[in-house]
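Bear in mind that the values here come from a model prediction, so they are computed numbers and not experimental data. In what follows, residues are counted from 1 in the order of the sequence shown.
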Amino acid sequence: MSGAEMSISVSWVLGIIGLLGGVIATLASIIYKSLSDRLAAQDKIIEHLRADVERMSKGCGLDPCHWRVR
């Protein structure tokens, strides 16, 4: 082997590729979980707002009520 050559074993290359794949998979699962949690929280807020709109669309029961559905 001359001074300009360098050799890396196949096991090192495969190990580095496996490690990189593991890091990418871990990061992807963290991102997926955080986005899933945010969407679940937003779904709860949307359901609450839908219930408020449904309740408010019926009006207050008085004749001069501006929110009454006629």
Side-chain angles (χ1 to χ4, degrees):
M1 186 155 83
S2 67
E5 291 180 15
M6 187 171 112
S7 64
I8 299 175
S9 68
V10 174
S11 62
W12 275 79
V13 172
L14 292 176
I16 291 171
I17 290 173
L19 180 66
L20 185 59
V23 169
I24 290 171
T26 302
L27 290 175
S29 69
I30 290 170
I31 291 171
Y32 176 79
K33 182 170 179 359
S34 69
L35 289 178
S36 177
D37 290 345
R38 279 189 178 189
L39 287 175
Q42 286 179 356
D43 286 344
K44 288 180 184 177
I45 292 170
I46 289 171
E47 287 303 318
H48 179 71
L49 291 174
R50 282 184 180 159
D52 283 348
V53 168
E54 179 67 27
R55 180 182 50 83
M56 290 172 46
S57 69
K58 295 177 181 166
C60 62
L62 299 175
D63 287 334
C65 184
H66 294 289
W67 294 102
R68 174 183 277 185
V69 178
R70 298 179 198 260

- Contacts of S9 that satisfy side-chain contact (heavy atoms from CB on, under 4.5 Å) - sequence neighbours left out: S11, W12
- Message: Filter on salt bridge (Lys or Arg N to Asp or Glu O under 4.0 Å), then keep only pairs touching residues 42-53, sequence neighbours left out; what's left?
- Response: E47-R50, D52-R55
- Connected-component partners of V10 among ILVMFWY, side-chain separation under 4.5 Å: L14
- Task: Keeping to residues at least two apart or across chains, list the salt bridge (Lys or Arg N to Asp or Glu O under 4.0 Å) pairs with something in residues 19-33.
- Result: K33-D37
- How would you list all residue pairs meeting salt bridge (Lys or Arg N to Asp or Glu O under 4.0 Å) that involve residues 13-30, not counting sequence neighbours? none
Show the atom names and distances, to 0.1 Å, of all donor-acceptor pairs under 3.5 Å that link a side chain in residues 15-25 to residues at least two apart or in another chain.
none

- Item | I30: hydrophobic cluster co-members (side-chain, 4.5 Å) | none
- Please write out which residues are connected to V53 in a hydrophobic cluster, directly or through intermediates, given that two of Ile, Leu, Val, Met, Phe, Trp, Tyr count as joined at side-chain heavy-atom separations below 4.5 angstrom. none
- Item | salt bridge (Lys or Arg N to Asp or Glu O under 4.0 Å) contacts in which one or both residues fall within residues 7-32, not counting sequence neighbours | none
- Item | Atom CD1 of I8 with >12 non-hydrogen neighbours under 6.0 angstrom | no
